[in-house]
Amino acid sequence: MLDIPLSALEVAMVQTGTRAVDTLRDTAAFAQGMERLGYHRLWYAEHHHSPAIGAFPPVVLTAHAAASTSVIRLGSGGVLAPNHAPLALAEQFGTLAALHEDRIDLGIGRGPGTFDEGIARALRRGAGPATDAEYRGDVAAILSFLVEEVALGPLPEPWLLASSAAGGALAAALGLPVAVAHHIRPDNTRAVVEGYRAAFAPSRWCERPRVLLCVETVCAQTEEEAVWRAGPMNVVKAGLLQGLSRTPFPTPEQAAAHPFTEQERQALDGFRAQQAVGAPEAVVERLAQLAGETGADELMLTTPVYDLRERIGSYELVRKYWGR
């Protein structure tokens, strides 16, 4: 296999039949599991107003996980700049970096983290969506505040999340490592990576282009079992295809009984073909293929399956076979 690190993205699903507090209690166990398995870093995503994914601030989950681990890097993947004051983000992650030296990442993204326009406006205190110029200014301000106002000691490692060529271009212009959201918009991956590398300008944050590729990955002993475990997220995606963000995160049994339309099935099958779902050998081969095609320096796996033990089990299988 390619000799590159494996990392994890946690979206903190709130499972049907459980409470948000149960998901929160699982986060420490998950972080400890990723550290035990030797994953390089663990990031938390920002979401709002969804019954399927908890509205847990990445900075809080990062602090919680850091208190119960000792080696694994932790951070946001990402915290969404338009929803926060740049100085506040710099202070929060700067403080974490001072408390947990050389372990904190600040992954910055643009989206609102919700499909509800009212919630998005509430997060922005009534303002509309951020323009390209506003987003660029927010990211630049965060980086400036980290150095000029916060600098309590070691700084967090900044990353820019990108799912479009424009996001990759901004990361290149600012000289930041880029985290490519292949798990969200796989059709854009090639344009993001190629544009980023072509335009990269070295900075104090990064001397050369660095690409992290995030891939939806569900691994089980057999392909059939992996597809079964991936079923609940398919229901959530089908809701998003219809513009519905209020789809709960179902059980695998509920997902198996869900009446997908033929159009939804085709879209979901097409998406799955670009990710890594299946038995260990097939998953590892697919991940290696994606790493080779993109020249990724690191792979980040996101595994949205229903049960915590099965989620950790998927990461364990990948880690075991990746090292062969």
Side-chain angles (χ1 to χ4, degrees), residues 4-12 21 23-47 54-81 83-109 113 139 141-161 171 174-179 203-207 210 212 214 297-303 308 311-312 315 319:
I4 63 174
L6 295 179
S7 294
L9 173 67
E10 173 66 300
V11 295
V21 68
T23 301
L24 282 174
R25 288 170 180 161
D26 284 347
T27 57
F30 183 77
Q32 291 164 358
M34 294 303 96
E35 182 170 78
R36 173 179 56 82
L37 292 172
Y39 278 80
H40 181 56
R41 69 180 92 232
L42 169 60
W43 283 356
Y44 299 98
E46 179 179 344
H47 293 276
F56 311 132
V59 67
V60 176
L61 293 183
T62 299
H64 181 56
S68 59
T69 57
S70 58
V71 177
I72 191 169
R73 295 194 66 89
L74 299 159
S76 56
V79 68
L80 302 175
N83 296 342
H84 309 275
L87 179 56
L89 286 180
E91 289 177 340
Q92 291 165 2
F93 282 86
T95 300
L96 281 174
L99 291 170
H100 304 281
E101 186 173 349
D102 296 328
R103 293 183 61 206
I104 302 300
D105 299 329
L106 172 52
I108 306 168
V139 176
I142 293 167
L143 299 176
S144 177
F145 284 136
L146 279 175
V147 176
E148 298 173 7
E149 299 290 337
V150 176
L152 302 173
L155 295 176
E157 183 173 278
W159 290 73
L160 200 71
L161 278 61
L174 295 174
L176 294 177
V178 68
S203 73
R204 66 165 294 156
W205 306 107
C206 197
E207 296 181 355
R210 289 175 62 197
L212 178 153
C214 189
D297 301 284
E298 184 173 339
L299 290 175
M300 178 167 278
L301 317 183
T302 181
T303 303
L308 173 65
R311 191 155 71 251
I312 293 176
Y315 283 100
R319 194 75 182 88

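Basis for what follows: all heavy atoms, side chains included, without hydrogens, waters or symmetry-related copies. All figures in this text were calculated on a predicted structure; none of them were measured in a lab.
The SG atom of Cys214 lies 9.5 Å from the CG atom of Leu299; values are rounded to the nearest 0.5 Å. Considering CG of Leu146 and CG of Leu89, their distance stands at 9.0 Å, rounded to 0.5 Å. Interatomic distance, Glu46 CD to Leu161 CG, rounded to the nearest 0.5 Å: 11.0 Å. Note: Trp43 CH2 to Thr62 OG1 = 10.5 Å, rounded to the nearest 0.5 Å. With rounding to the nearest 0.5 Å, the separation of CG in Leu74 from CE in Met34 is 12.0 Å. Atom NE2 of residue His40 and atom CD1 of residue Ile72 lie 9.0 Å apart, to the nearest 0.5 angstrom.
Looking only at distances, a side-chain donor or acceptor of Ser203 sits under 3.5 Å from a matching main-chain atom of Trp205.
Taking all atoms of both residues into account, the shortest heavy-atom contact from Ala81 to Ile142 is CB-CD1, 4.3 Å.
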For this session: Applying salt bridge (Lys or Arg N to Asp or Glu O under 4.0 Å), run through Arg73 and Asp105 and close with a yes or a no.
Result: CA-CA 7 Å; Arg73 295 194 66 89; Asp105 299 329; 2.7 Å; yes
Problem set entry | Criterion salt bridge (Lys or Arg N to Asp or Glu O under 4.0 Å) on Arg41 and Glu157, from CA distance to verdict | CA-CA 12 Å; Arg41 69 180 92 232; Glu157 183 173 278; 3.3 Å; yes
For this session: Would you sort out whether Tyr315 and Phe30 count as a ring-ring contact (aromatic ring centres under 6.0 Å, His included), showing the intermediate values?
Result: CA-CA 10 Å; Tyr315 283 100; Phe30 183 77; 5.6 Å; yes
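For Phe56, the ring-ring contact (aromatic ring centres under 6.0 Å, His included) test picks out no residue, with sequence neighbours left out. With sequence neighbours excluded, no residue forms a salt bridge (Lys or Arg N to Asp or Glu O under 4.0 Å) with Arg103.
The side-chain heavy atoms of Leu106 and Val79, taken from C-beta on, include a pair separated by under 4.5 Å.
Side-chain polar atoms of Ser7 and Glu298 form a donor-acceptor pair below 3.5 angstrom.
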